[in-house]
Amino acid sequence: MAIRIEEQKPEIPVEIGELKFTFKVTDEAVLNFRKESLRLKEELEKIQEAEEDETNVEKVRELLRQGFDTFLGEGAFEKIYERSPSIVIISRYFAQLVLGISEEIERMGADKALEKRAKKYLQR
């Protein structure tokens, strides 16, 4: 009798309108996500506190480019911006992306906690 274990893909599918991306859920990507999402959040908050001008719009655009390209792959920002050429709208997308990825990572972590309990139980 064969033991069959369903392979899990280490990725989270992300859809923005008709665009489809994936967030790779590797150990390195998760650590990078946590670090980068905090850094980007802090940078964006600093800019929001400053007076609005053309320079700040460019800074926000560049931070969002870094975020989308880091989390969804090189060129993701350009594809998204092409469909929604508004920093205000894309900022909302980015906030939803970070929240969604955080929730999925946490959910996956909950599964790992169950796995640890099962191993502990089996060792008894």
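The figures here come from the full heavy-atom set of this structure, side chains too, leaving out hydrogens, waters and symmetry mates.
Side-chain atoms of Lys41 and Glu36, non-hydrogen and from C-beta on, never get closer than 4.5 Å to each other. Using a 4.5 Å cut-off on side-chain heavy atoms (C-beta onward), Phe68 and Ile16 make contact. Here the side chains of Val60 and Leu44 are in contact, with some heavy-atom distance below 4.5 Å. Ile12 has its side chain within reach of Met108: a pair of non-hydrogen atoms, C-beta onward, lies under 4.5 Å apart. Between Ile80 and Phe21 the shortest side-chain heavy-atom distance falls below 4.5 Å. Using a 4.5 Å cut-off on side-chain heavy atoms (C-beta onward), Val14 and Leu97 make contact. Counting only heavy atoms from C-beta outward, the side chains of Arg61 and Arg65 approach each other to under 4.5 Å. Using a 4.5 Å heavy-atom threshold, the side chains of Lys59 and Glu43 count as separate.
In the hydrophobic clustering of this structure, Phe94 groups with Leu19; members are Ile, Leu, Val, Met, Phe, Trp, Tyr whose side-chain heavy atoms approach within less than 4.5 Å, directly or through other members. Hydrophobic clustering (side-chain heavy atoms under 4.5 Å, transitive across Ile, Leu, Val, Met, Phe, Trp, Tyr) groups Ile47 together with Tyr81.
Residue Phe77 holds its CZ atom at 8.0 Å from CD of Glu62, rounded to the nearest 0.5 Å. Annotation: the span from Lys24 atom NZ to Leu72 atom CG amounts to 11.0 Å, rounded to 0.5 Å. One finds the NZ atom of Lys79 at 14.0 Å from the CD atom of Glu18 (value rounded to the nearest 0.5 Å).
Salt bridge annotation for Arg39-Glu42: absent, with no cationic side-chain nitrogen under 4.0 angstrom from a carboxylate oxygen.
The environment of Arg34 atom CZ is sparse: at most 12 non-hydrogen atoms of other residues, nucleotides or ligands sit within 6.0 angstrom.
Residues Ser84 and Ile90 share a closest heavy-atom pair of O-CD1, 3.2 Å. Minimum interatomic distance between Leu63 and Leu40 (heavy atoms only, all atoms of both residues): O-CD2, 3.6 Å. Nearest approach of Ala76 to Asp69, heavy atoms of both residues: N-OD1, 3.1 Å.
When ring centroids are compared, Phe23 and Phe33 come within the 6.0 Å threshold.
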